[in-house]
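Please read the structure below before turning to the comments.
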Amino acid sequence: MAQMSMIEAIRSALDVKLSQDPDVLIFGEDVGYFGGVFRCTAGLQEKHGLHRVFDAPIAEGGIVGAAVGMAAFGLRPCIEIQFADYIYPGYDQICSEAARMRYRSAGEFTSPLTIRTPVGGGIHGGQTHSQSPEALFTHIAGLKTIIPSNPYDAKGLLIKAIEDNDPVLFLEPKRLYNGPFDGDPNKPAVSWAGHELGEVPEGHYTVDFEQARVLTQGDDLTILCYGTMVWVAEASAKAAGVNADILDLRSLMPLDLEAIVKSVNKTGRCLVLHEATRTSGFGAELIAEVQQHCFYALEAPIVRVTGWDTPYPHALEWEYFPGQKRTIEAIRKIMES
Amino acid sequence: MAQMSMIEAIRSALDVKLSQDPDVLIFGEDVGYFGGVFRCTAGLQEKHGLHRVFDAPIAEGGIVGAAVGMAAFGLRPCIEIQFADYIYPGYDQICSEAARMRYRSAGEFTSPLTIRTPVGGGIHGGQTHSQSPEALFTHIAGLKTIIPSNPYDAKGLLIKAIEDNDPVLFLEPKRLYNGPFDGDPNKPAVSWAGHELGEVPEGHYTVDFEQARVLTQGDDLTILCYGTMVWVAEASAKAAGVNADILDLRSLMPLDLEAIVKSVNKTGRCLVLHEATRTSGFGAELIAEVQQHCFYALEAPIVRVTGWDTPYPHALEWEYFPGQKRTIEAIRKIMES
Amino acid sequence: MSSRQNTHGQNQSKLFVPEPPFRPGDTPDFSHIKIPTEHSPGRPDPMVDAYDTEPQATGLVRVLKLDGTICGEWNPKLDADTLRAGLRHMLLTRCVDERMFTMQRQGKMSFYMKSAGEEAVAVATAMALRQSDMVFPTYRQQGILMARGWPLKELMCQCLSNAGDKLEGRSIPVLYSVRELGFFSISGNLGTQMIQAVGWGMACAYRGSDDIAVAFTGEGATAEGDFHYALNFASTYKAPVILNVVNNQWAISSFQGIAAGQGKSFAFRGLGFGLASLRVDGNDFLAVYAATKWAAERARNGGGATVIEHFTYRKEGHSTSDDPTKYRPKSEPDVWPFGDPIERLAGHLISLGEWDEARHEALLKQLKAEVRESYKEAESLGTLASPSKINPATMFEEVFEEIPSHLRRQRQELGI
Amino acid sequence: MSSRQNTHGQNQSKLFVPEPPFRPGDTPDFSHIKIPTEHSPGRPDPMVDAYDTEPQATGLVRVLKLDGTICGEWNPKLDADTLRAGLRHMLLTRCVDERMFTMQRQGKMSFYMKSAGEEAVAVATAMALRQSDMVFPTYRQQGILMARGWPLKELMCQCLSNAGDKLEGRSIPVLYSVRELGFFSISGNLGTQMIQAVGWGMACAYRGSDDIAVAFTGEGATAEGDFHYALNFASTYKAPVILNVVNNQWAISSFQGIAAGQGKSFAFRGLGFGLASLRVDGNDFLAVYAATKWAAERARNGGGATVIEHFTYRKEGHSTSDDPTKYRPKSEPDVWPFGDPIERLAGHLISLGEWDEARHEALLKQLKAEVRESYKEAESLGTLASPSKINPATMFEEVFEEIPSHLRRQRQELGI
Ligand SMILES: Cc1ncc(C[n+]2csc(CCOP(=O)(O)OP(=O)(O)O)c2C)c(N)n1
Ligand SMILES: Cc1ncc(C[n+]2csc(CCOP(=O)(O)OP(=O)(O)O)c2C)c(N)n1
Ligand SMILES: [Mg+2]
Ligand SMILES: [Mg+2]
């Protein structure tokens, strides 16, 4: 076991796969010599060679499109989009091509590629370095969407993603790269060092998709969350003094509906959290499924605490971010109804 | 009053605005001399001039991007994307640019542009001529998303869209272009001729956004629908022998939540219909809001009948399409619980 | 600028909008197009500096003159059997197109697209390549499938979306996928295959293979971003690819000038990225063959990508969905000055004494019979009009490698 | 190909990946770059056939030699006052950059981006245009705002996201929007402004105005599809625009060869679309000015778009977020052979007898004081570190023209 930050865990996953499988290669903007603007690929070019880890032109559509071709050929490209906010020029290649290749060719051509990209706010990135676009991908048939909340999961899920024979969108909550974050920007930053979930095996291991992680167990309510909001959920439940089933979903598509339904049928109350804008966010999908499968168990309306339906503002970042205050209020409201 | 098909109604709206406002111009693939692959702009170039209605290169990103520049300048471009399935290369310009221009420039630059594009299946278009991507736009702050179900609304809403000072995505259910469609492909096609909603004033009028249209009123259940599914809803409710409040939402963003809540609070039961893939579809958003605002009135889980989470298949189009059979089953299930 | 531009202006607009030379009602006259007969640009060494291909990128690489004789440096010196094979593949392509078009009109399938006038582009390219070179076609290179010998019945079953369609009726007609013949799954989304082909080519290089990737786009779709990505990535990574632009003058109803703008040629766009670029008479089987061989040799030897513009003409409508006389003169295809690729190759073979009218007629008759036979077999497996024999359960398959739980639930909901 | 390419290969990869000539640890040596001193390509008539600009697209348009003297046909013959104004704007730009960078390091703002070494591109372009010509900048053309006289305090308040920021603190620093000065709202998304500028230019033409649109992109971002759309639409509709490519050799850590590939110049990409194209010494104030004047004249007279590549060098890091010595030699900026645009223009003025060291020092002192004063004023309205005085209710405004009901509900949820 080593102690790793989420960045180091991601890098370790990439290193493991580059070492094991000659068909794995990495490219993206600034990922080569420099090692990526968040350093996730630092040292990998030097170790594995220029032709396996290299810089790409600033063309997200080109990066995805080239990866689709390589993946169809039989390689396993793992590409980086520098910020999820910049993934849209590649949206067509992801949705119309990667996601549908297997279907339209009846399995003749497939897209075993992984797209890594940082998501979420909390680093004063403003509207173009803070977005959480997961719902724009969960709506697309043929894509898997994964989002870890800690180093251990990040490495295991990323290795799983690279080994998966379908296209995987791997979202990295950038506010968690260097440490957990409970939503309070005024507290000193915490690092992963010493954190249980920062203990990461050096070698190969995987974490399965479609398996929510149960953080805490309780009978009061169920909190469904993922990414940065997992830490906000934990701190808020504590502060609100409730015993919550907190589920870190990790894999949005495929979704661990079984665990969700089991929990809500037990607690009868449900809170859904995400950083993304509310309308048509992934929370809506969670609510739709929960109310369908747990209708008769529900004792209160399901509440969602999310980013507002506005771009992510720079100066008012903490008014936008769905932090502890709003989460605690929501918990209280649910418990009172 | 004239009798118009939905195509003619759309053309009439464009004609009215071209005639009234010199800042309105139209461009897109094949919309000029030819008048569009669905004929919505037929005759408009000849009438209004080459510089007001013209062909564009096959570059949806370029079409939207150029329109963003024109709109910021002060024109009111109304562009056509030939099929919604091909809108993705323009997704970045729509979401990152048009939708955020006003916000990021604090109102210095705005995006009064309209994007018309045909959606939905039922014409044997397969996976690349049948998609309903509305949820990919309702998640984006700063965009309005409109979808008419008949000629009268189409014209009034389109004029409203062109006059709106925000970017509007105007989705045209192509299966309804020439007549209403109740979901049964084996019946002979019906035309708009003689249909009440095919009676369309020649001149200028508008239909407001954020106003659902109530098709039928009833106490048994509420059916929320839009586009082609409005006609399926009506036929299915009839066939199932229920008295339903059928709401044709027309405007998804902004949404007439008031009408929805009022109806479900009355009926206590709710069915949500759309053609789009289910997961993270707009139905999820409707359910999230309904369960929040009508929780204590609800007597049964809200059910959604939608397209499957697969690409839209060609040969199995009618197994994919959420037609009367599935809708009636859902109604029965809701009424029984 | 035509009268439309001036007479209907309601403001002082200075906006320029290009228009085709002729519209319905006009008498098309292409005498302004100079047909360079003897003056094909020369054939440089395939490893030439890309910028030295400027004459080839702006001129027109030709071998076959309109009179059937041969000129210039590009003659690929094919033997008569090969030429006859090419002729056969082109004729077969046209016969299949005719038949399928008619069958669409009879309601047997939802849609069809012909390649009439452009058969040389697909067939000669295919014949100049190895089968292990992956082609990334659009919907108008069915000639490749003829050249590579795909059973007609398979093609027809795909179009009929019937029980014999190995793609399970999932796609509209003509969006074939034939991996074993090096034919990439055709996308309905224009342009996307261009950058995918570059990725495939990069993968070939990465694996140390000397296979190449060969992509096709219509001239209209060069306006998409994916074409730009393809040129850029091909240039950056010296990818072993051929990027073909089939300039058939029309993109549905839009003439080539909407995509070309003020550009001299589509091939020249390649030069902008330092890629070798050739503009080729696409109705000249020999020129297409020779250019492809040249570019393939360059790519295999590490010289990187070549852009080839095939200058040709779409003789028929865009698809079964449009009527071309609505936007261009009815006679335009007939007066197009570069002739018909099939007639030109036949004429050449005749001038060599290797072919004659009688053999041509006989071949045509044989091919038609072959097509008729295959179609009969295919139709016996169903048409779109007949109740589909495709199992609805297949709809939920191959969305992912394994059917995930939510799709299993949905399948159950459908009752299967 | 460097050693990295060969030594680490674990398979027989033939994939080519370009690398910059120098990395940290190397001694940069640019003696291979030939500086064409006397040999600037000539100045054709602005209405010249676009293809005749090939010498300008591949050569390097220059006016100022490194010794401060002038040569060639492009001399814009500016009077000394104008030259001094240009010098002042460039110096001011650099002073502002210095100050803001330091303040960012002190935690007063989240982010900053300098334009050191590239001031001539922005300032000379702005001075060669009308204020009614809309510029579509990236984040590295703050020099335009100096030239057009935007109050420094306004700029600083935007960076500080404080109560004085007229953009309500919504965007990260440097994403200005100043419509009244013809400065388009800067996007965080690279490249998007290029095609928008073409749309704006088309709108100018549509309205019959002879104003033009002028866009900027870094060389790295030319790889985006929006650049392609811009070239294509500009070519198709002969849009009155100037499309500037600022080739400052670096895109964060990627050298220009990642975007350029085998291409000779970025200007040449314009030629691919039949657009007039110029490659200009971007560190030469006079050349940038002259080229912009030329292109503006062409555009206003209906000649359509021009692509101008400004060959320059990013002397500092990409932004406050990176350390350039991690990916290029520390000394590279110092040995870059085209000098510094400020020193070169000052040297020219001195050689004309219109400037001297003492005046230069005095000006610098004065500008620094001006910057200091403005900054003090701006800071008094708050910094990112101080509690924000921006009303949270503004967060829900201007998403739409009117606040829709769902946003009103969300605002209430926030308790305001
Ligand atoms: C991304 C995208 N946009 C639009 C379309 C609709 N469309 C299909 S074919 C076509 C014209 C293509 O013209 P061209 O590229 O010249 O090819 P050709 O049909 O002439 O072979 C259009 C606009 C599409 N399929 N995909
Ligand atoms: C669409 C998009 N992709 C990626 C980024 C991240 N990014 C910001 S600046 C930059 C480098 C740009 O380089 P260049 O275009 O050469 O401009 P320069 O910084 O040199 O002025 C990158 C990759 C972005 N802002 N937008
Ligand atoms: Mg074409
Ligand atoms: Mg740069």
Side-chain angles (χ1 to χ4, degrees), chain C residues 9 11-18 49-51 54 57-58 191 201-210 222-229 231-240 257-277 302-305 307, chain D residues 9 11-18 49-51 54 57-58 191 201-210 222-229 231-240 257-277 302-305 307:
Chain C
N11 60 21
Q12 294 306 305
S13 175
K14 300 192 287 185
L15 181 65
F16 172 80
V17 178
D49 181 288
Y51 286 100
E54 188 169 328
T58 53
M202 289 171 70
C204 291
Y206 178 84
R207 280 268 188 85
S209 149
D210 66 354
T222 60
E224 292 287 2
D226 292 301
F227 181 67
H228 180 68
Y229 306 142
L231 295 177
N232 203 148
F233 280 60
S235 178
T236 297
Y237 304 110
K238 289 193 184 175
I258 296 292
Q262 314 304 314
K264 250 192 237 189
S265 80
F266 288 95
F268 208 90
R269 300 219 167 141
L271 272 191
F273 288 81
L275 299 177
S277 301
V307 175
Chain D
N11 60 21
Q12 295 304 306
S13 175
K14 299 192 287 183
L15 181 65
F16 171 80
V17 178
D49 181 288
Y51 286 99
E54 187 167 331
T58 51
M202 289 170 71
C204 292
Y206 179 82
R207 281 268 189 85
S209 148
D210 66 352
T222 60
E224 292 287 3
D226 292 300
F227 181 67
H228 181 68
Y229 307 142
L231 295 177
N232 203 149
F233 280 60
S235 177
T236 297
Y237 303 110
K238 288 195 184 174
I258 296 292
Q262 315 304 314
K264 250 192 234 185
S265 81
F266 288 94
F268 208 89
R269 299 216 168 145
L271 273 190
F273 288 82
L275 299 177
S277 301
V307 175

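On a predicted model such as this, the values are computed, not experimentally measured, just so you know. Chain naming here is simple, since letters A, B, ... match the order of the sequence lines and numbering starts at 1 in each.
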Inset, instruction - Using non-hydrogen atoms and a 4.5 Å limit, figure out which bit of D/T58 sits close to chain C: side chain, backbone, both or neither. - result: neither
Inset, instruction - Under 4.5 Å heavy-atom distance to chain C, tell me which part of D/A223 shows up: side chain, backbone, both or neither. - result: both
Inset, instruction - Among C/A259, C/G257, C/S265, C/G270, single out the residue with the greatest number of heavy-atom pairs under 4.5 Å to chain D. - result: C/A259
Inset, instruction - Please report the closest heavy-atom contact between C/V307 and C/L231, naming both atoms and the distance. - result: CG2-CD2, 3.6 Å
Legend entry - Which portion of D/A260 sits near chain C, non-hydrogen atoms under 4.5 angstrom: backbone
Inset, instruction - Against chain C, label D/F266 side chain, backbone, both or neither, depending on which of its atoms sit under 4.5 Å from a heavy atom there. - result: neither
Inset, instruction - Check whether D/D210 gets within reach of chain C through its side chain, its backbone, both or neither, counting any heavy atom under 4.5 Å. - result: both
Inset, instruction - Nearest 0.5 Å please: distance from the CD1 atom of C/I258 over to the OH atom of D/Y237. - result: 5.5 Å
Legend entry - Student check: side-chain heavy atoms of C/F273 and D/R269 closer than 4.5 Å: yes
Legend entry - Which of D/G208, D/G263, D/S235 touches chain C most, by non-hydrogen pairs under 4.5 Å: D/S235
Legend entry - Atom of D/P240, atom of D/M202 and distance for their closest heavy-atom approach: CD-N, 4.4 Å
Legend entry - OG1-CD distance between C/T236 and D/Q262, expressed to the nearest 0.5 angstrom: 7.5 Å
Inset, instruction - Could you tell me which of C/G261, C/G201, C/G272, C/A50 has the largest number of non-hydrogen atom pairs under 4.5 Å with chain D? - result: C/G272
Legend entry - Toward chain C, the part of D/Y229 with a non-hydrogen atom under 4.5 Å: side chain
Legend entry - Interchain contact, C/Y51 with chain D, by part (heavy-atom threshold 4.5 Å): side chain
Inset, instruction - Could you tell me whether a side-chain N or O of D/H228 sits under 3.5 Å from a main-chain N or O of C/T222, the two making a donor and an acceptor? - result: yes
Inset, instruction - Specify which of D/G225, D/A57, D/A205 makes the most heavy-atom pairs with chain C at under 4.5 Å. - result: D/A205
Inset, instruction - Check whether D/F227 gets within reach of chain C through its side chain, its backbone, both or neither, counting any heavy atom under 4.5 Å. - result: side chain
Inset, instruction - Hey, could you give me the CD/CG distance between D/E54 and D/D49, rounded to the nearest 0.5 Å? - result: 11.5 Å
